[in-house]
Amino acid sequence: MEFNSLTGVKKEFRDKLMSLGSRYHIHHPFHRMMHEGKLNRHQVQGWVANRYYYQIKIPIKDAQLLANCPDESVRRIWLQRIIDHDGTGTENGGIEAWLRLGEACDLDRATLQSMRMVLPGVKFAVDSYVNFVRDAPWQEGVCSSLTELFAPEIHQQRLTDWPEKYPWIDPEGLSYFRNRLGQARRDVEHGVNIVLEHFVTPAAQSRALEILQFKLEILWSMLDSMYLAYVLDMPPFFNTNGDSWAEK
Ligand code: AHQ
């Protein structure tokens, strides 16, 4: 079903889903600073290291959804999402590309893989996403991925901005964003069709909007934690006995 040629109730529902784009994390102050070239090296590195935790949990989340889904035609398509992140024996996936993004930002792989820079608030937000999909009906899990309706713009923004505004970052490292442009569009088309077909009553459609709002809050609160730590210099326990939280 062509997303843009809907009519009637489905079009109304689609428009309501799209209207939540105003709450997408592209509008978060941290992302606005990134877009305007205002982040320093430490702030970019903090973002990359914390988003690494999100990236490695996406295939776990997708596997949870597969485990809940009895429809092999859906599983066959959804499986690609795991491959996109984990790669195959011959092709690197998004997790490897994210490690290379880290290296392009002068963060070695071991530092990202140690997770020692992952802020508690980021961990709690990401874990709540994985746990939601583990426990929810698979169709609700699909709905929670629809924040990617708004993702192509944010990936394109980084591809456009970073070479000019962060010249110290090796542009080779941006391949994650480049790959994600097409993958996000493909994933969202599949996800939206499932959501439009499954969430048909007014009550179901308000549930779908609630789920999308929940995921928008996850993405927003991840950046809240990063803004506190890296922009306001208030990492967890910054005002206690002085031992730096990240080094523990
Ligand atoms: O890199 C991202 C990614 O692989 C995914 C999978 C999808 C999901 O299943 O929830 N959402 C998502 C997102 C990725 N990148 C975010 C970004 O800002 O770079 C955007 C995020 C999303 O919009 O949900």
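Counting starts at 1 for both ligands and their atoms, in listed order.
- Only side-chain heavy atoms of Arg51 come within less than 4.0 Å of ligand 1; its backbone N, CA, C and O stay farther off.
- Side-chain contact annotation: Ser128 with Asn131, donor-acceptor N/O pair under 3.5 Å absent.
- Residue-ligand proximity, His85 to ligand 1, at heavy-atom distances under 4.0 Å covers atoms 4 (O).
- Counting heavy atoms under 4.0 Å from ligand 1, residue Arg158 touches it through the side chain alone.
- With a heavy-atom cut-off of 4.0 Å, Ile154 touches ligand 1 through its side chain alone.
- Only side-chain heavy atoms of Tyr176 come within less than 4.0 Å of ligand 1; its backbone N, CA, C and O stay farther off.
- Proximity to Tyr24 (heavy-atom distance under 4.0 Å) selects the following atoms of ligand 1: 20 (C), 22 (C), 23 (O).
- Comparing Arg81, Lys61, Arg180, Gln183 against atom 9 (O) of ligand 1, the shortest heavy-atom distance belongs to Lys61.
- Of the heavy atoms in Phe150, none comes closer than 4.0 Å to ligand 1.
- Close approach of ligand 1 to Lys215 (heavy-atom distance below 4.0 Å) involves ligand atoms 8 (C), 10 (O), 11 (N), 24 (O).
- Distances shorter than 4.0 angstrom do not occur between any heavy atom of Phe177 and any atom of ligand 1.
- For Arg81 and Trp78, the positive end sits near the middle of the six-membered ring, less than 6.0 Å away and at most 45° from its axis.
- Atom numbering of ligand 1 starts at 1 in the shown order; those under 4.0 Å from a heavy atom of Tyr129 are 8 (C), 9 (O), 10 (O).
- Using cut-offs of 30° and 60° for the angle between ring planes, the Phe177 and Trp98 rings count as perpendicular.
- Distances below 4.0 Å separate heavy atoms of Gln55 from the following atoms of ligand 1: 1 (O), 4 (O).
- Taking the side chain as every heavy atom from C-beta outward, Val195 and Val192 never approach each other to under 4.5 Å.
- A donor-acceptor distance shorter than 3.5 angstrom exists from the side chain of Arg75 to the backbone of Cys69, with no hydrogens or angles considered.
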Go through Arg158 and Leu174 one step at a time and tell me if the side chain to side chain contact (heavy atoms under 4.5 Å, CB included) criterion holds.
CA-CA 8 Å; Arg158 292 165 194 150; Leu174 305 185; over 6 Å; no
